[in-house]
Amino acid sequence: MSGRGGAPADGVEADDPFELAYAAGVREEEPVAAPAPRPRRAAAAPFALHGCVLTPDRAIEGGYVVVAGAAIAEVRERAPEGVGRIVETGGIILPGLIDLHGHPEYNVFAAWEPPRRYANRYQWRRSKEYARVVREPWRALTAEGSLPPLLTRYAEARALVGGVTAIQGASGRYPGKEEALVRNVDLRIFGEHRARSIIDLGRSDEAERARLRRHLAAGTVTALYVHLAEGVDETSRKEFDDLVGAGLLTPATVIIHGTALGEPELGAVRDAGAKLVWSPQSNLRLYGRTTAAARALALGIPVGLGADWLPSGSPSLLAELKVARRALAAQGLAIEPRRLVAMITRDAARIAGLEAALGTLDAGRPADLLVLERRRDDPWESVADADPSWVELVTIGGDLAYGRRDWVAALAAPGSSEAPPEEVLAWGKPMALDTGYAARPGRDTAPPRLSDLRAALIARYAQTGPIFA
Ligand SMILES: [Zn+2]
């Protein structure tokens with residue numbers, strides 16, 4: 001590839017996972033049959049969750065969310081009538097969390113403590129240590145063809161048990177024909193594929209750029225995720241000039257990282273109506289510095305969060321939320337927890353161009369819900385303090401995707417799934433995980449259970465990053 005735009009991708013090996021993800025990420029998805037419709041493990045009948053409801057535009061103490069089939073039937077302040085099952089959650093009910101940046105296929109590696117700080121992403125991708133920590137294990141894991149889709153499945157399980165119902169970053173090698181455990185905002189979602197992701201803008205050629213411009217102008221692409229300016233030097237900053245020069249700084253553009261962006265660049269992002277996705281943990285570990293997110297927020301730029309990947313990022317979006325809060329405080333912004341919650345729900349849905357369906361609890365929307373234990377008087381503060389062990393229930397399109405075994409047993413329609421939910425112990429809590437989604441419908445005889453998947457991964461890579469630890 002030409003390496004135009006001045007990005008120093010030279011020296012990065014052709015089989016680097018990032019390179020492969022790039023090669024597939026901007027590819028046009030071939031038309032595929034729609035996956036089997038959710039919900040797989042529907043509740044037996046309409047049910048209601050009772051607790052503190054964060055819509056998240058307001059908090060309703062003692063509120064109810066009524067779920068019927070795949071959708072939210074009602075959000076109300078008083079007990080609904082004619083609903084047989086009401087779960088007294090004693091907790092907080094909010095929209096499923098949206099993680100706007102990650103690399104799911106690589107979320108199986110152990111955390112990496114880089115030996116030094118880097119100036120840009122190309123430096124560590126070329127380093128010997130990165131090869132040892134990521135590239136070589138990745139080769140071992142992908143040496144046999146059947147495993148790659150399962151790498152993503154492992155990351156999906158990790159997201160789900162952390163309260164996340166939608167993720168970003170699955171490469172084009174994981175196309176719409178796979179049936180995901182959580183939603184993929186940049187793959188096929190709600191029957192459409194209106195997002196594209198670019199990992200290395202500097203390696204895109206003019207034909208690709210022209211194609212993206214056409215899609216953006218026609219409105220057939222409504223979210224363009226671009227890994228950009230990840231680093232702290234001029235090389236990183238210049239990627240922004242390349243983006244502008246390519247005519248790709250648009251209202252649909254979602255800049256991932258933007259670590260090197262200064263005041264003029266952030267002003268241009270705001271003026272263009274573009275958005276930002278922030279992964280402070282990964283930035284701080286690799287570069288010792290992170291994006292000027294407080295300034296971006298002050299400018300009115302929509303900011304979402306992404307846990308990035310295990311080697312340098314956070315093990316969960318809830319963990320990333322705490323890093324974000326600390327980083328904002330260091331930048332002089334004591335952010336309100338209510339605003340933090342919006343960043344991973346309502347604002348994230350807007351950034352993804354999916355605000356009509358996700359990020360807000362309201363009648364008629366898909367029932368993508370999260371119930372968290374409540375351990376603080378202030379419900380927003382309780383969410384900001386939560387970790388994945390506080391997760392009580394996650395539904396996706398009404399599917400009982402993950403939850404307390406007693407609740408799932410009480411709500412599940414008998415015989416609604418081919419296999420019973422997998423029993424897992426999540427930080428000591430007995431939980432049920434619906435791994436009944438075929439990773440490759442029509443090809444696999446049975447979808448992999450998490451325990452089997454984990455055993456298969458560990459057989460090839462003993463340091464596989466744990467999920468419940
Ligand atoms: Zn990334």
Side-chain angles (χ1 to χ4, degrees), residues 97-103 120-121 159 162 164 166-169 185-186 197-199 201 223-232 236-237 239-240 243 249 253-263 265-270 272-353 359 383-384:
L97 309 181
I98 303 171
D99 185 333
L100 285 184
H101 180 51
H103 302 273
N120 62 56
R121 59 203 300 253
V164 169
I167 60 173
Q168 183 272 347
V185 298
D186 52 343
S197 294
I198 301 179
I199 290 188
L201 178 68
L224 174 63
Y225 297 88
V226 192
H227 238 267
L228 197 86
E230 186 193 349
V232 294
S236 306
R237 193 208 60 77
E239 291 179 356
F240 183 79
L243 181 79
L249 183 64
T253 304
V254 183
I255 294 175
I256 291 171
H257 291 303
T259 318
L261 304 187
E263 190 66 20
E265 291 83 12
L266 289 175
V269 170
R270 192 263 317 272
K275 292 109 176 176
L276 189 67
V277 170
W278 185 32
S279 296
Q281 176 66 80
S282 184
N283 297 161
L284 291 168
R285 243 186 223 170
L286 294 167
Y287 313 110
R289 230 169 76 193
T290 187
T291 314
R295 184 63 190 139
L297 287 166
L299 286 167
I301 298 170
V303 178
L305 280 183
D308 210 340
W309 61 343
L310 273 188
S312 61
S314 287
S316 70
L317 187 61
L318 287 169
E320 189 71 21
L321 195 66
K322 288 155 194 62
V323 180
R325 193 176 197 178
R326 281 200 304 274
L328 288 171
Q331 294 177 11
L333 174 62
I335 193 164
E336 290 175 20
R338 174 193 288 258
R339 223 171 150 194
L340 281 173
V341 173
M343 284 169 77
I344 52 174
T345 54
R346 185 199 60 202
D347 297 354
R350 285 183 187 155
I351 289 167
V383 175

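- Remark: side-chain polar atoms of N283 are not paired, donor with acceptor, to backbone N or O of R289 under 3.5 angstrom.
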With side chain to side chain contact (heavy atoms under 4.5 Å, CB included) as the criterion, how do L318 and L97 come out once you've worked through the C-alpha distance, each side chain's angles and the decisive distance to 0.1 Å?
CA-CA 9 Å; L318 287 169; L97 309 181; 3.9 Å; yes

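- Here the side chain of E239 pairs a donor or acceptor atom with the backbone of A229 at under 3.5 angstrom.
- Between Q168 and V254, the closest side-chain pair of non-hydrogen atoms is not below 4.5 Å.
- Of all heavy-atom pairs spanning V277 and G306, the tightest one is CG1-N, 4.1 Å.
- The two residues G313 and D308 make their nearest non-hydrogen contact at CA-CB, 4.4 Å.
- Remark: the backbone N or O of P311 is paired with a side-chain donor or acceptor of R285 at under 3.5 angstrom.
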Apply side chain to side chain donor-acceptor pair (under 3.5 Å) to H257 and R121, showing your working.
CA-CA 11 Å; H257 291 303; R121 59 203 300 253; over 6 Å; no

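- Expressed to the nearest 0.5 Å, how far CG of L299 lies from CG of L266 amounts to 6.0 Å.
- Residues forming a side-chain contact (heavy atoms from CB on, under 4.5 Å) with L310 (at least two apart in sequence, or on another chain): N107, R158, P315.
- For the atom pair L333 CG and R295 CZ, the distance stands at 12.0 Å (nearest 0.5 Å).
- Taking NE2 from H103 and OG from S197, the interatomic distance works out to 9.5 Å, rounded to the nearest 0.5 Å.
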I335/L297 under side chain to side chain contact (heavy atoms under 4.5 Å, CB included): CA gap, chis, key distance, verdict:
CA-CA 10 Å; I335 193 164; L297 287 166; 4.1 Å; yes

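- For A324, the side-chain contact (heavy atoms from CB on, under 4.5 Å) partners are W278, P280, L305, not counting sequence neighbours.
- Contact detail for L100 and A352: the closest heavy-atom pair is CD2-CB, 4.2 Å.
- Minimum heavy-atom separation, P302 to A274: CD-O, 3.9 Å.
- Residue L328 holds its CG atom at 7.0 Å from CG of L340, rounded to the nearest 0.5 Å.
- The closest side-chain heavy-atom distance from L224 to I198 is below 4.5 Å.
- Interatomic distance, CG of L284 versus OG1 of T259, reported as 9.0 Å (0.5 Å rounding).
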Would you check, one step at a time, whether the test side chain to side chain contact (heavy atoms under 4.5 Å, CB included) holds for I255 with L276?
CA-CA 5 Å; I255 294 175; L276 189 67; 4.0 Å; yes

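- Annotation: side-chain hydrogen bond (donor to acceptor under 3.5 Å, both in side chains) contacts of Q331 (sequence neighbours excluded): none.
- In this structure, CD1 on I98 lies 11.0 Å from CZ on R350, to the nearest 0.5 angstrom.
- Every residue meeting the side-chain contact (heavy atoms from CB on, under 4.5 Å) condition with A268, not counting sequence neighbours, appears here in chain and number order: F240, L249.
- In this structure R237 satisfies the side-chain hydrogen bond (donor to acceptor under 3.5 Å, both in side chains) test together with E234, D241, E265, sequence neighbours excluded.
- A search for side-chain hydrogen bond (donor to acceptor under 3.5 Å, both in side chains) contacts involving R325 returns E381, not counting sequence neighbours.
- A distance-only check finds a donor-acceptor pair linking the side chain of K322 to the backbone of A384 [under 3.5 Å].
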Checking E320 against H101 for the side chain to side chain contact (heavy atoms under 4.5 Å, CB included) test, could you report, in this order, the C-alpha distance in whole Å, the side-chain angles of both residues, the deciding distance, and whether it holds?
CA-CA 11 Å; E320 189 71 21; H101 180 51; over 6 Å; no

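- A distance-only check finds no donor-acceptor pair linking the side chain of Q281 to the backbone of A307 [under 3.5 Å].
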